Structures are given as C-alpha cells and as structure tokens.
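So the structure is just underneath, and the comments pick up after that.
Worth knowing before you read on, the calculation uses all heavy atoms, side chains too, and leaves out hydrogens, waters and symmetry mates. Keep in mind that this is a model prediction, so the values were computed, not measured.
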Amino acid sequence: MKINFKVILYFIICHLISYVGISIPFYQFIMKDYYIGSEAVFSRFLITEESPILWANAIQWFFPFQILNSILFAIVLVIVWDWFSKQSYFKGFLFVFWCKGIVGGLASLSPAPGNIEGALFLIPQINSQIQLFVCLETLLQAAMVSFLFCNVAHWKLISK
C-alpha cells in the first residue's frame, strides 16, 4: 500500500476512534442539557434531538462527514509527510495537536462555541462555562487523535 493511502487510512481510523471516545461521551454526560431540555441553547442554531426528522438525517450522514473531515486533515499530513516522518514523536504529536486542536478548533475562522471568535460573537446564552466545555472537548479530542496517530505513525509507517 502506498504511504499516502496508509496515512489517510490510519488518520481516518484515529479520528473516528477519538470522536467516539471523546465527543460522544462528552455529549452524553456533559453537554446534552445544552442541546435538549430546559437549558438548551444549541437548539437555537443547531439540529438537535428535539427535531427528530432533522436529527435522523444528520445522524445518517454523521460518519460520512466525519470521514470527509478526517480525509481533509490527512491530506495536510500527506503534504508534509517527508518532514513529519523525520520528527520526534513529541514534535509529531505537537504538530497534529496544534493543527487539529488549535488551528482547527480554538482559532477556527467562523464563530462557534469553544473557539476565539465564538467567545466574542455568540449570543450571551453561550456563556463562559459552555465555551470552556466545548474548548476542553476539542482539545481532548485533538490530544487523543494526536496520540493515536503518532503511535500508529511511529510503529506502522515510520519505523519500517
């Protein structure tokens, strides 16, 4: 298998594992009340379980969109692979974490909960606690995908 395909495939797997391992539990145990129920603020601008038909459609497309998300990021890794493969585990981890968590999350361009623009431009009901929870989720997921991918990269792609 060509290295580019392996990088993309391994990153997709690591991204999906990190999403299932961090974001789904985060939603169920920490954030769900902000999506549905008396404290729901995200339902003002996101599809939630309170709209069952729209929710069913979103869930149907959930994994294909997560795969697309991970492919787009993995393309960056393919582009810089010659450089990335020569880095220490720690530098590789920091690179993936920085790109995924900081640039893709905290510093992303459009205002969203958990990022810098969102802290400034979102409605007051998206308070600092919500902002911090979403930011924490983003950074934890970025750390997990970085950890998983750098381990896979080191053991399966670089050491050979």
For Ile53, is the CD1 atom crowded, meaning more than 12 foreign heavy atoms sit under 6.0 Å from it? no

Looking at [atom1] of [X] and [atom2] of [Y], how far apart are the two atoms once the value is rounded to the nearest 0.5 Å?
{"X": "Leu106", "Y": "Lys100", "atom1": "CG", "atom2": "NZ", "result": "14.5 Å"}
{"X": "Ile13", "Y": "Ile8", "atom1": "CD1", "atom2": "CD1", "result": "12.0 Å"}
{"X": "Gln66", "Y": "Leu68", "atom1": "CD", "atom2": "CG", "result": "9.5 Å"}
{"X": "Ile12", "Y": "Asn69", "atom1": "CD1", "atom2": "CG", "result": "10.5 Å"}

Can you check whether Leu54's main-chain N or O pairs, donor with acceptor, with Ser51's side chain at less than 3.5 Å? no

Looking at [X] and [Y], what are the two nearest heavy atoms and their distance?
{"X": "Val145", "Y": "Ser18", "answer": "CB-OG, 3.6 Å"}
{"X": "Asn115", "Y": "Gly105", "answer": "CB-O, 3.2 Å"}
{"X": "Phe63", "Y": "Val20", "answer": "CZ-CG2, 4.2 Å"}

Show your working on side chain to side chain contact (heavy atoms under 4.5 Å, CB included) between Phe84 and Cys150 and close with a plain yes or no. CA-CA 10 Å; Phe84 185 87; Cys150 289; 4.0 Å; yes

Would Ile36 and Ser43 count as a side chain to side chain contact (heavy atoms under 4.5 Å, CB included) here? Give the steps. CA-CA 7 Å; Ile36 60 173; Ser43 62; over 6 Å; no

Is the distance between the ring centroids of Phe149 and Phe97 less than 6.0 Å? no

Taking the six-membered ring for Trp and the full ring for Phe, Tyr or His, determine whether the centres of Trp98 and Phe95 are under 6.0 Å apart. no

ring-ring contact (aromatic ring centres under 6.0 Å, His included) between Phe93 and Phe147, worked out: CA-CA 6 Å; Phe93 177 91; Phe147 172 78; 7.5 Å; no

Qualifying ring-ring contact (aromatic ring centres under 6.0 Å, His included) pairs with a residue from residues 36-57, counting only residues at least two apart or across chains: Tyr35-Phe42, Phe42-Phe45

Residues 130-142, side-chain donor-acceptor partners within the protein, below 3.5 Å, at least two apart:
residue: Gln131; atom: OE1; partner: Gly114; partner atom: N; Å: 2.6
residue: Gln131; atom: NE2; partner: Gly118; partner atom: O; Å: 3.1
residue: Glu137; atom: OE2; partner: Ser23; partner atom: OG; Å: 2.9
residue: Thr138; atom: OG1; partner: Val134; partner atom: O; Å: 3.0
residue: Gln141; atom: OE1; partner: Ser23; partner atom: OG; Å: 3.0

For Trp61 and Phe65, take the angle between the two ring planes, folded into 0 to 90°, and tell me which bin it lands in: parallel under 30, tilted 30 to 60, perpendicular over 60. perpendicular

In terms of hydrophobic clusters joined by side-chain contacts under 4.5 Å, are Val152 and Ile67 together? yes

Chi angles and distances behind the side chain to side chain contact (heavy atoms under 4.5 Å, CB included) call for Val96, Leu77: CA-CA 8 Å; Val96 175; Leu77 291 170; 4.1 Å; yes

